[in-house]
Amino acid sequence: MNTNNAIAGAVPEADAQPHPNQFALLKQRRFAPFFWTQFSGAANDNLFKFAFTVMVTYQLQISWLPPAMAGLVIGALFILPFLLFSATSGQLTDKYDKTKVIRFVKNLEIAIMLLAAYGFWNDNVVVLLACTFLMGLHSTLFGPVKFAYLPQVLNERELTGGNGMVEMGTFVAILLGNVVGGLIVAIPEVGRHDVAIACVLLALAGRAVAQFIPQAPATDPGLKINWNPVSETWRNLKLAHGNLVVFRSLLGISWMWFFGAVFLSQFPSFAKEVLHGNEQVASLLLVVFSVGIGTGSLLCEVLSRRHVEIGLVPLGAIGMSVFAIDLYFASRGLPPSAAMTLGQFTAVGAHWRVMADLALLSLFAGLYSVPMYALIQLRAQPTHRARIIAANNILNALFMIASSIIAGLLLKLGMTIPQIFLLVGLANAVVAFYIFMLVPEYLLRFIAWIASRLVYRFKVTGDDHIPVQGAAILVCNHVSFVDAVLLMAASPRPIYFVMDHRIFKVPVLGWLFKLAKAIPIAPRKEDPVAYEAAFDAAAKVLREGDLLAIFPEGGITHDGEVQEFKGGIMKILERQPAPVIPMALTNLWGSYFSRVEQGGAMVRPFRRGLFNRVGLNVGPAIPPALVQPEALRQQVAQLLAAPTVEGLRPRAPDPV
């Protein structure tokens with residue numbers, strides 16, 4: 001049973017059926033109206049903001065708002081409400097039906113856009129700055145609903161795809177909003193009037209679609225609202241800090257917004273002053289950036305095999321740094337010229353490298369952000385989820401405001417825009433490394449992702465038997481030195497392994513398992529204290545509702561067959577009963593890290609070629625009262641003999 005859907009209580013059962021891919025969600029009422037509502041809101045935000053930015057950058061000469069600072073000021077005003085009102089909006093989302101909150105926010109958007117229409121019609125910059133702040137308030141109220149709604153109506157297998165669709169939709173909306181806003185405002189004489197009309201029409205369309213979103217009941221209707229934004233902000237941050245993995249993931253997302261805000265706020269000035277392009281070139285940069293991040297977001301479901309795969313986060317961080325740094329080298333030293341049209345700009349070969357860097361930088365940002373959002377949604381307590389997301393928005397606001405201030409100071413100190421991009425790319429590498437050391441789960445999952453997709457072609461059968469929540473003992477045959485890494489790749493949740501103490505002395509693997517907080521176990525005769533401590537630690541893992549994995553054979557097989565199971569599984573169950581999940585790694589014997597060769601692993605590493613096809617067969621859970629070592633060994637042996645990768649049966653060991 002999916003507890004998230006149980007909490008929601010309003011999702012039609014037919015809508016909750018498995019779907020072939022994330023795009024199928026657009027045919028389901030639980031997702032489609034919500035998707036188009038947030039899409040229209042994001043499009044309107046950016047149509048308004050970019051049209052306003054282009055207007056004060058290219059068209060109006062305002063002494064107190066120079067073009068180089070216009071993007072920073074508008075960005076900071078838009079973000080400020082996230083800092084001031086996120087705590088309140090998180091409470092409102094937990095307390096009230098999320099659908100009602102969404103409709104209220106869309107009504108507010110209509111009122112703000114009517115005021116903005118007056119500002120555009122009369123070239124009133126002060127009114128438009130006020131509307132920028134109010135649209136930030138609109139987005140502040142919508143933010144917790146946006147991310148708390150999804151885990152209430154989607155299950156774990158749908159969460160990455162759903163987040164990818166929303167992230168893609170958001171950036172396509174940013175793309176369309178910016179392109180349309182930039183093009184309309186550039187129309188001589190009537191451009192600003194047309195922007196005013198477009199903003200009001202988009203707000204009305206969003207409100208109409210919101211009427212079709214199904215009910216999403218409150219998760220904490222008895223919550224008493226604390227209207228003091230200062231004390232509630234502090235309380236939300238403390239609440240988020242209660243789960244360190246979630247809190248540090250919030251910091252990781254906030255850094256991504258710091259990183260992205262530097263680029264987004266500088267695009268108009270970058271296009272004008274560095275690339276020597278007109279308004280159309282500024283719009284092109286946003287097109288490239290938005291397409292990249294949308295593509296990266298959609299790739300997450302494919303690369304994660306429809307699970308929450310945070311192993312993609314380090315991959316995303318690496319790409320963000322590499323291409324941000326290369327953007328500096330691609331954009332420095334471009335010869336000065338008159339303002340180029342879009343056609344003139346694309347005719348210069350050097351500009352294609354700039355666009356490629358922007359596209360790849362943003363693609364990797366999509367790979368970085370979507371799994372982090374999904375992890376927070378999955379791990380946050382449902383009754384507090386909106387407030388956790390509000391804490392995320394508060395941190396995002398702080399980081400984005402800091403990015404505007406720091407970028408402004410660097411510009412004042414004479415640093416060029418390409419130099420700022422270089423600095424941010426280098427800082428991203430340092431910050432990402434620090435976060436991954438604080439939360440080693442990201443690094444471990446990345447290693448598991450590499451092993452299961454680049455070293456092996458890894459196929460999991462029956463992974464729906466691996467519980468999404470609650471304690472369980474995973475029992476598997478022991479074939480190679482990387483068995484634990486492959487099990488990590490198969491599970492959407494962290495696994496605590498009970499490992500032979502000798503493996504901790506193996507270079508690299510020992511460091512890896514220490515990082516994973518694996519539990520070392522030694523034979524009772526050799527070290528009775530370590531033996532008992534291992535079982536105490538294993539029972540503690542189960543009491544805390546986590547997954548525990550053991551290899552009951554007590555060592556790696558020497559012939560590829562399942563050896564006798566030791567009695568350790570029974571000692572664990574005596575201390576802390578939990579369901580037992582039998583598993584079998586298939587076709588792994590004879591691959592890189594097995595002991596098929598005399599002398600150990602890797603003696604002839606390519607004896608089966610590259611990208612060995614291996615698998616994991618997972619059986620249904622066994623109640624603890626029915627577990628017996630020999631019967632459990634037979635079940636694992638049956639799984640080992642079962643068909644594996646799309647009809648491929650396990651191969652017999654190759655002759656030595």
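- Checked against the 6.0 Å centroid criterion, the rings of Phe436 and Phe446 do not qualify as a close aromatic pair.
- Atom CZ of Arg30 sits about 10.5 Å away from atom CG of Leu150, to the nearest 0.5 Å.
- The main-chain N or O of Pro217 is found under 3.5 Å from a side-chain atom of Gln152 such that the two form a donor-acceptor pair.
- The pair Arg385-Asp94 does not count as a salt bridge, with every side-chain nitrogen at least 4.0 angstrom from each carboxylate oxygen.
- For the pair Met135/Glu109, a side-chain contact is recorded, criterion being any heavy-atom separation below 4.5 Å from C-beta on.
- Of the possible donor and acceptor atoms, none in the side chain of Arg192 sits under 3.5 Å from a partner among the backbone N and O of Asp123.
- Rounding to the nearest 0.5 Å places OG of Ser40 at 10.5 Å from CG of Leu204.
- Taking the six-membered ring wherever Trp is involved, the centroid distance between the rings of Phe259 and Phe399 does not fall below 6.0 Å.
- Between Leu367 and Cys300, some side-chain heavy-atom pair lies under the 4.5 Å cut-off.
- Counting only distance, with no hydrogens or angles, the side chain of Lys98 and the backbone of Ala216 share no donor-acceptor pair below 3.5 Å.
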Query raised in the report: Where do Phe48 and Phe120 land on the ring pair (Phe, Tyr, Trp, His ring centres under 6.0 Å) test, with the steps shown first?
Result: CA-CA 10 Å; Phe48 165 77; Phe120 278 117; 5.8 Å; yes

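- Counting non-hydrogen atoms of other residues, nucleotides and ligands closer than 6.0 Å to NZ of Lys95 gives a total above 12.
- Aromatic ring orientation, His241 versus Phe247: perpendicular (interplanar angle above 60°, classes split at 30° and 60°).
- Residues Val431 and Asn428 are not in side-chain contact: their nearest non-hydrogen atoms beyond the backbone lie 4.5 Å or more apart.
- Two residues are said to be in side-chain contact when any heavy atoms from C-beta on lie closer than 4.5 Å; His138 and Asp45 meet this criterion.
- Residues Val209 and Phe34 form no side-chain contact, since every pair of their non-hydrogen atoms from C-beta on lies 4.5 Å or further apart.
- The structure places CZ of Phe142 at 14.0 Å from CZ of Phe104, a figure rounded to the nearest 0.5 Å.
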Query raised in the report: Run the side-chain hydrogen bond (donor to acceptor under 3.5 Å, both in side chains) check on Glu167 and Ser369 step by step: do they pass?
Result: CA-CA 9 Å; Glu167 196 81 351; Ser369 63; 3.3 Å; yes

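- Side-chain contact between Ile213 and Tyr149: present, with at least one pair of heavy atoms (C-beta onward) separated by less than 4.5 Å.
- Formation of a donor-acceptor pair under 3.5 Å by the Thr132 side chain with backbone atoms of Ile74 is not found in this model.
- Side-chain contact between Leu84 and Pro229: absent, with no pair of heavy atoms (C-beta onward) separated by less than 4.5 Å.
- Few gaps surround CZ on Phe133; more than 12 heavy atoms of other groups in view lie less than 6.0 Å from it.
- Heavy atoms only, all atoms of each residue included: Val145 and Val101 are closest at CG2-CG1, 3.5 Å.
- Checked against the 6.0 Å centroid threshold, Trp121 and Tyr118 do not count as a close aromatic pair.
- Expressed to the nearest 0.5 Å, how far OG1 of Thr93 lies from CG of Leu223 amounts to 10.5 Å.
- With Arg493 contributing its side chain and Pro467 its backbone, the two residues share a donor-acceptor pair below 3.5 Å.
- A cation-pi geometry, defined here as NZ or CZ lying under 6.0 Å from the six-membered ring centre and within 45° of its normal, does not hold between Lys517 and Tyr496.
- Using a 4.5 Å heavy-atom threshold, the side chains of Asn392 and Tyr373 count as touching.
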